Amino acid sequence: MPQDDPFEPRLGRMRARGGKRQARFLNRILAAANLARGGAPGPAGRKGFAGGKIGRGVGIGRVLVQRDRLAAFRARRAIVKSRIVRLAGKGAANARAHLRYLGRDGTTREGAPGTLYGADADQVDGKAFLERGAGDRHQFRLIVSPEDGDQYPDLKPVIRRLMQQMEEDLGTRLEWVAVDHFNTGHPHSHVLLRGVDEQGKDLILARDYLACGIRERAGEILDFDLGPRTDREIEGRLRAEIDQERFTSIDRRLLGAAVDGIVGAAATDPFEQSLRSGRLAKLARMGLAEPIGAGRSRLAPQLEATLRQIGERGDILKTLQGALKEASVARAPSDLVRFDPDSSAPLIGAVIARGLSDELRDHHYLVVDGIDGRAHYVDIGRGDPEATIGRGMIVQVQAVRPEARAADRTVSAVAGANKGIYSTDAHLRHDPGASLKFAETHVRRLEAMRRAGVGVERRPDGSWSIPADHVERAAAYEARLARDRPVQVSLLSPLPLDQLAGHDGETWLDQRLSHGRSATAREAGFGAQVRLAEQRRRGWLIDEGLLDPGSNRPLDVETLAVLRRRELGRIAGQLSRTLGLPFVEARRGDRIEGFIDRKVQFASGRAYAVLCKSKEFTLVPWRPNLERALGRYVKARLNGQGIDWSVAAPRGRTIS
C-alpha cells in the first residue's frame, strides 16, 4: 500500500482565507456591528464619559451619522433643530406660552392662525396635551424645515411619516403635536414631543439621533417623494449663492481651499470654476477679497464671521421694513438701526411690532419707534410668558449690565470675616444697622445661585459655605442670565400716544413735562409726534385749570398728585362695580391683608395689585414677585420705604 502524503501541522493563528480583500471586508462588518450596538469608533482604550452611548436610538443614530458623512450629493436635505426643555419651575409656564406662540395669527398659507394636529387627528387640543404632560420631567421641541418644503401643499403627511419612522427607530410609541408655519420664506413645522415613552418612563434620546438621525430620516422621506435632486436644481441653487450677502457653501469651499488666506478661482470642473470666479468677484465688491493676479485672491480675515454678521443685519433690515410697512409708518433707510446692547443711553419709544427671532428658544424681538426719530430692532431675549407689552405701548429699553450685585459683595465680606461662612446672624453681627428682612434678601439670592449651580453650598444648620471668589462667580452668573435677557424693558404707558393728550389722569407726558424733557425728543419721526402731543397736553391741562395759560414752567408735584388721584378714583369706582365691594384706600403705616385678585395698569405706567377682603378691597403698588401670589392670601404693611409682603396660609378659599 502506498504511504500517506507527509503532513506537518503549523501552529499559530488561523488566517482569513481570501487574502487582504476578505480581511478588509471582515473589519468593515465588525465596525458596522460595533456602531449598531453603540460602540464608539476611534482608537481603543479611549476613556471618559461624554453621554454619546446612552439613550434610545443610539445605534441607529451612530449609523446615520456615518451615512451622513458619505451622503449622496443629490440627496434632498431638511434642516432639523432640536431642543430639550425642562418643565420644572417656570418651564411649564414657558411651555404654555410657546404653544400660544405657535398658534399665533398669520402662520398658515391663508394667513389664519396655526392649528395643532397629531398622529391621527387634524385638530387636537393643545391645552389637554400640556395637561397630560404636566408631570413630565422634560419636553422635546423640534423644528423640521424641508429644503423643498414649498413643493408640498401640506406638510402634515411628511411630519406624520417622520414621527412614525422615529417610533420604529426608538422602539416606543411617541405622543406629539405639531403645527405647520408658512409665514416665512421656508415652510416648516414645529413638533412638541412629550418626554416619556409608552410606559410612562423618561424618554432619553441619544445625542447622535437628535443631532443627525432625525434629519437623515426627514431627508429619506423627501427623496422618496420628490426623487433625487437633478443637475439643474443643484446648479440653480449654487448660482443663487453667488450674489448673496451672507455666508454660503461656496464660501466654505473657498476657505477650505485657501492657503494662508489666498485662493484661486481655477478648478478642474468648469462649473465649479465659474462659481468660484463669480463669488470672488462679489466678495471683492464687498471689500472682503483682494485680487492679487493670476486668478487668485486674498480673502479677508474673519471672512465667515463677517459674512454671518452681514447676513444677520440683512435679516434685521427686512424685519424692520416689514413691521413699518404693516404699521403704515415711514422712516428713512438711514433711520433703521439695531439697538446696541452696549449702549449706556436708554431707548424710549412706541412698540411697533413684537415677534420671534428664534422660534425654538422663544427668543423675541421688539421694533420700537424711538423718540430719537429712528426705528430700532431690539433683541429682548427669552420672552416672558406673562408679558403684556403690545403694539402702541410706550416703553423704555435699558441694556443689562452683567456684573455682581451689591448683595454679592456683602455676602463675600461677611463670609470673609466669618471663616468663609455666611448666615443671617453673622450678617447682623457684621452690620448692626441691617435688619433681619434685609439679611433674608441675601439668603434668597444665595438660594437662586445654588439652584443655578454657581458654587455656594447650604449647610445643614442653614448657613452657607461661600468660596473666596464668590464675587467673580456672581458676575459670571449674571453674564449667563444676560444671554437670555440682554435688555430690561419697562412699560412707561399702556396707552398709545394719541390717547395721552386728553387722558384724565397722570400720564407719561406729564412725567416728561414735570422734568422738562421736551428737548430730548428729536424733531423727526416719533420724536416730532411726542413734541406735538406735549403741546396738546399743555392745552388740555390749561382747559382743566391745572396749568396757568401761557406758562412754560414744568408741572409741579401738586398737579401730578391731583391727576393721580383722579385716575385712582375712577379706576377704583370701576373695580367696585365689578367686584361688588367698596374701595378703601390704604395709607402709610396700615397693615393690610386679603386675596390678590388681579393686577391693574395705570396710564402712568404704574401697576397696582387689587387686594380683596370679604367686605372691601384696596389697591397697593404692584411688585413683580406678586405674579406667583395671584389668588393667594397675603399680608402687607405699608411703610416709608415701600411694602413688606408675606404670603399667609390659605383660609379655605381663593379668588377665581
Side-chain angles (χ1 to χ4, degrees), residues 86 88-91 93 381-382 384 398-486 488 490 586 588-593 596 609 611 620-630 632-650:
R86 302 288 181 180
K90 293 185 178 180
R382 185 166 297 175
D384 185 352
Q398 181 76 52
V400 173
R401 302 300 174 195
E403 57 187 16
R405 302 181 183 178
D408 303 318
R409 297 185 178 88
T410 302
V411 167
S412 181
V414 173
N418 196 37
K419 299 181 180 180
I421 303 299
Y422 174 87
S423 66
T424 54
D425 292 339
H427 190 151
L428 298 179
R429 288 194 304 269
H430 182 82
D431 182 8
S435 65
L436 178 60
K437 286 186 175 294
F438 179 69
E440 288 174 347
T441 61
H442 294 67
V443 174
R444 289 194 290 271
R445 169 70 170 175
L446 289 173
E447 183 61 33
M449 296 175 68
R450 184 191 66 82
R451 289 195 298 266
V454 174
V456 296
E457 295 182 5
R458 185 173 55 195
R459 294 155 57 95
D461 61 354
S463 62
W464 295 81
S465 297
I466 307 299
D469 59 344
H470 178 69
V471 175
E472 290 76 11
R473 290 171 181 256
Y477 170 62
E478 289 295 325
R480 194 165 73 234
L481 293 179
R483 287 197 294 268
D484 279 340
R485 297 185 184 274
Q488 180 181 3
S490 303
R588 182 175 299 177
D590 289 351
R591 291 183 179 273
I592 54 178
E593 57 183 274
I596 298 182
L611 209 64
V620 291
W622 177 266
R623 290 172 59 179
N625 57 2
L626 293 180
E627 201 75 56
R628 299 190 299 270
L630 279 172
R632 301 181 66 181
Y633 196 84
V634 299
K635 295 181 179 180
R637 180 183 177 89
L638 278 69
N639 53 49
Q641 289 74 35
I643 304 178
D644 294 330
W645 290 96
S646 63
V647 179

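No experiment lies behind these values; they were computed from the predicted model shown. Numbers here simply count residues along the sequence, with the first being 1.
- Judged purely by distance below 3.5 Å, without hydrogens or angles, the side chains of Asp425 and Ser423 never pair a donor atom with an acceptor atom.
- Ion pairing between a basic and an acidic side chain is recognised when a charged N comes within 4.0 Å of a carboxylate O; Arg458 and Glu447 show such pairing.
- In summary, of the residues considered (His430, Arg409, His442), a side-chain contact (heavy atoms from CB on, under 4.5 Å) with Val414 occurs for His430 alone.
- Between Glu440 and Lys437 there is no salt bridge, since no side-chain N of the basic residue sits under 4.0 Å from a carboxylate O of the acidic one.
- With values rounded to the nearest 0.5 angstrom, Glu478 atom CD is found 12.5 Å from Arg485 atom CZ.
- Arg429 approaches Asn418 most closely through the heavy-atom pair NH2-OD1, 4.2 Å.
- The shortest non-hydrogen separation linking Ala434 to Phe438 is CB-CD2, 3.9 Å.
- Taking every heavy atom of both residues into account, Gly455 and Arg473 meet most closely at CA-NH1, 3.6 Å.
- The heavy-atom pair separating Ala452 from Tyr477 by the smallest distance is CB-CE1, 3.5 Å.
- With rounding to the nearest 0.5 angstrom, the CD atom of Glu457 is 10.0 Å from the CH2 atom of Trp464.
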Item checked: Derivation of the side chain to side chain contact (heavy atoms under 4.5 Å, CB included) call for His470 and Val411 -> CA-CA 8 Å; His470 178 69; Val411 167; 3.9 Å; yes
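- For the pair Val471 and Asp408, the tightest heavy-atom approach, listed with the atom from each and the gap, is CG2-O, 4.2 Å.
- Nearest heavy-atom pair across Leu436 and Thr424 is CD1-CB, 4.3 Å.
- Looking only at side-chain heavy atoms (C-beta outward), Val456 and Ser465 stay at 4.5 Å or farther from each other.
- Two residues are said to be in side-chain contact when any heavy atoms from C-beta on lie closer than 4.5 Å; Ile466 and Ile421 fail this criterion.
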